[in-house]
Amino acid sequence: MIDVCIIGSGAGASPVAYELSLAGFKVVVLEKGPYIKTKDFYKDELIATRKDLYIPNLKDESHEIVKFDKKNETWVKQSTRETGSDFWNGNVVGGSSNFMSGYFHRMKPVDFKLKSTYGTIEGANVEDWPISYDDLEPYYTKVEHLIGVSGAVKKHPYLEPRSEPEFPFPPLATNVVSELIDKAASELKISTFNTPRAILSKPKGDRKSCYYSNYCGSYGCASDAKGSARAALLEDALKTGNLTIIPFAKVFHLQTNGKGAITRANYYDREGLKNSIEAKIFVVAAQATETARLLLMSKNEEFPNGLSNNAGQVGKNLVFSAGGVGSSVLYYEDFDNETSEKLATPGLFVNRASQQWYEITDEETGQKMKGGTVDFLWEHANPISKVIKSKWKGDQLLYGSALKKNVHEYFTKQRVLKFEVFNDWLPNDNCFVELSDSVFDKWGDPVGKIWIGNHPHDEKIGKLIGDNTLPILKKLGAKNIKWGVSSYPSVNLQAGGCRFGTNPKTSVLDKNCKSHEVSNLYISDGSFMPTGGSVTFTFTIYANAFRVADKIKEELTLIKQKQLL
Amino acid sequence: MKEIFLENTENETSDSKNWEFNRRNWFKITVLGLVAVQLPWLVSCDDNSSSEVILDGKGILTEEEIKFIFELQNSLVPKDGNGPSANDVNAHNYFVWTLSGKNIPQEDRTYFIEKTQEFMMLCEAQFLRKFTNLSSQEKTSFIDKNIQSGWTRTYISRMITVIFEAILLDPVYDVNPNEIGWNWLQHNPGMPRPTLETKFPEIYKTVALYD
């Protein structure tokens, strides 16, 4: 029997596969998607974003999304099969980490204790984490080295404590716009800093450094500079001979033995045939919504409401990242020749962030509130996406010579500078996953039905941060500044649904991310997070998965020792 | 956030992302694509032709419809001295290719076929003549009359996106010849670029081979 069976192969799964296979344990990874190798990642907009090669066909696999219709004050259910607005991320070996942009901010100490710091918020199910920042700090450092994080530490009011003074990789090269942002922000007494990125600025082992292709997010990396779970961990883990990756393996049920332990993972193979894997320990890391779905599908007499769900907590308290997106235009004619030429240079990153408003004082009450992070970035290089924007002038659809003129000017006379706001999506009773009773995937399994209700506090905070950011853009000379806060979830930033905690009645996992109810089940993706922090999740998911890997290693070592006695 | 097929502004459906690869279907597409390359010139000699282009048994475009699309595309993105026209980048061939086989979900294929027919009929209703028989000024009037609202606006918008896909995709897709579109817009493609073996939909075969 193998030691560990892992369902999923992304940022939550791969650290476990890596650590255990290097430690000599036999590991099998079951991944629903294909194994796309580095050599097959091309900068082809048709494949990456127009045809969405890296996610399932919505006819085969969809979701039901339930959202609140404010106008009619009612909840409305829609299938993504009908809307075409999918809820998937990368379904390939390495998961969505292959296609991330790699903004790697650590969570702050305060993020681990929101409830005890800021108190309860009516309508929100905020809980402190059962671990502290100090518990996770060594693993953040480990990720910075193993996955490879480039950056420069700059002191600012909300800089988190670090055990190492600097990042292991120097910052990536940046466009002149970064200097403009720094200067404008400084004049406004707003602190900015170099955004840490999970992208190598110098080679590491077989992985080459970034070559500034200008096509990063949504694309697989052709140099392996991006710290995908596949390139940074799985490729090395495979070299041990202890890891087997089975692509096109869709797990549909986890079977238990009637004594609270999983005996096998049942899956459909690439031919659609049922197959199964037995293991001593099972790790689920299929991304938050799919992890909860698998547990809910794994019903039996022992767990009539789904695996590890006798307390009814599986799928509850799903969180995303709240916030919004802003954009502005830098017209080359507004800058001197040298600056405008530098602004137009493709490939170089913006890599500027601010956490000036990581904590905010409520002007009405005078109370402190948790704030968030602002990241500045260029508009994506995808040219067809740019045309889709530039074929419009206001509400007017252009055509003919007027269209061509507008498109030409959009591409050659300006550059779009954007910013993204990240703040907490408060867990609440209206944001959760359950099983659909009417929509099924191509294997006949119920799809995930995702309720995406948000808390009004999230929009309030997001708006404050965004509004505070606008003066930076004005100061540096940007025009046509637009900004909006969103109540729709960030599909690529999912967490919660199986949160960890000390109370088995209000959480699914213990502080080591082991199920309260199932003796050999761990969950190592973002599902464990009671709150998501005000940064992107992947860094924390990686770090926690390394922490969980250590716990599993300890357990397997004990099992081995007992067998030897 | 990922984009929706063809454009993300008009509530359109997502594109096919089937992992499976069907060599037989692709063979059909390729053959039909080659035939379609010559169609606009062929049909221009015979307005009464009843020949049809069969798209993998899942939809039909008549030669008249193909000719209409050709002329509509070149009215939407004309040759005007500022960059390439739709014809310069083989946009009509690309359009036929996108409608072929597994390149497009059936509902999108049906949409384009039905709306093309309706748009042609609308022209005959409004101008009492076929679009292809209108003068340049009349074509402009027809488009102006219908571009800013309703389903005709959506149809034109989607057609413009198709044309600009032909302007901006890699020449490996038999569009954007000599990188004419990239040069016009001073666009730098990302590297590495797709090859004949790894472009869409061949990439499906590549990834499906891996264990």
Side-chain angles (χ1 to χ4, degrees), chain A residues 33-37 40-47 49-60 80 82-86 92 211 213-215 218-219 222 247-248 270 344 346-347 381-385 387-388 391-392 395-397 399-401 403-405 407-408 411-412 490-492, chain B residues 1-9 11-19 75-78 80-83 103 105 140 143 147-148 153 156-157 160-161 164-165 167-170 172-173 181-182 184-195 198-201 203-204 206-208 210-211:
Chain A
Y35 196 158
I36 303 181
K37 307 288 173 67
D40 288 317
F41 284 125
Y42 293 84
K43 307 303 181 184
D44 185 348
E45 188 178 5
L46 190 66
I47 285 174
T49 66
R50 312 294 297 157
K51 299 292 183 187
D52 284 339
L53 175 75
Y54 310 124
I55 61 172
N57 185 330
L58 291 179
K59 280 185 183 164
D60 295 334
T80 58
E82 293 159 9
T83 63
S85 187
D86 72 74
V92 300
Y211 62 102
S213 76
N214 206 27
Y215 290 78
S218 302
Y219 289 82
F248 299 107
R270 63 192 301 163
N382 286 329
I384 297 163
S385 301
V387 169
I388 288 170
K391 68 184 177 185
W392 300 90
D395 288 338
Q396 195 183 1
L397 177 61
Y399 79 101
S401 295
L403 167 67
K404 292 176 76 175
K405 182 172 181 284
V407 170
H408 189 257
F411 275 74
T412 61
S490 50
V491 175
N492 58 334
Chain B
M1 189 72 69
K2 291 172 286 296
E3 294 161 48
I4 309 302
F5 176 65
L6 293 178
E7 49 200 71
N8 57 5
T9 55
N11 193 29
E12 295 164 358
T13 55
S14 177
D15 187 22
S16 168
K17 309 132 192 139
N18 201 323
W19 296 119
S75 298
L76 297 175
V77 180
D80 63 355
N82 179 18
N103 298 328
T140 301
I143 294 170
I147 193 170
Q148 295 307 347
R153 169 175 155 133
I156 293 169
S157 174
I160 288 171
T161 301
F164 272 93
E165 285 185 336
I167 290 174
L168 287 162
L169 281 178
D170 195 286
V172 74
Y173 289 101
W182 291 347
W184 172 48
L185 296 176
Q186 298 169 26
H187 172 72
N188 296 284
M191 299 290 174
R193 287 165 50 182
T195 64
T198 59
K199 69 183 177 69
F200 182 88
I203 190 73
Y204 285 126
T206 305
V207 301
Y210 290 144
D211 285 321

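Throughout, a chain's letter reflects where its sequence line sits, starting with A, and its residues are numbered from 1.
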Q. Which atoms of A:Pro346 come close to chain B, meaning under 4.5 Å heavy atom to heavy atom: side chain ones, backbone ones, both, or neither?
A. side chain

(Q) I'd like to know whether A:Arg50 forms a side chain to side chain contact (heavy atoms under 4.5 Å, CB included) with B:Thr161, so could you lay out the CA-CA distance, the side-chain angles of the two residues, the decisive distance to 0.1 Å, and finally the verdict. (A) CA-CA 11 Å; A:Arg50 312 294 297 157; B:Thr161 301; 3.5 Å; yes

Q) Do you know which of B:Ile156, B:Ile167, B:Leu169 has the most heavy-atom pairs with chain A at a distance under 4.5 angstrom? A) B:Leu169

Q.
Suppose we screen for side chain to side chain contact (heavy atoms under 4.5 Å, CB included). Which residues come up paired with B:Thr198, at least two apart in sequence or across chains?
A. A:Asp40, A:Tyr42, B:Pro194, B:Thr195, B:Ile203

Q | Test log, rule side chain to side chain contact (heavy atoms under 4.5 Å, CB included), inputs A:Val407 and B:Leu185 | A | CA-CA 8 Å; A:Val407 170; B:Leu185 296 176; 4.0 Å; yes

Q.
For A:Asp44 versus A:Tyr219, what's the shortest heavy-atom pair and its separation?
A. N-CE2, 3.6 Å

Q.
Please enumerate all residues that pass salt bridge (charged side-chain N to carboxylate O under 4.0 Å, His left out) together with A:Lys59, with sequence neighbours excluded.
A. B:Glu107

**Q.** chain A contact via B:Asn188 - which portion, at a heavy-atom distance below 4.5 Å
**A.** both

Q) A:Tyr211 versus chain B, heavy atoms under 4.5 Å apart: side chain, backbone, both or neither? A) side chain

Q) Relative to chain B, which segment of A:Leu46 carries a heavy atom at a distance below 4.5 Å: side chain, backbone, both, or neither? A) both

Q: Could you have a look at A:Lys404, A:Gln396, A:Lys43, A:His408 and say which one has the most heavy-atom pairs with chain B under 4.5 angstrom?
A: A:Lys404

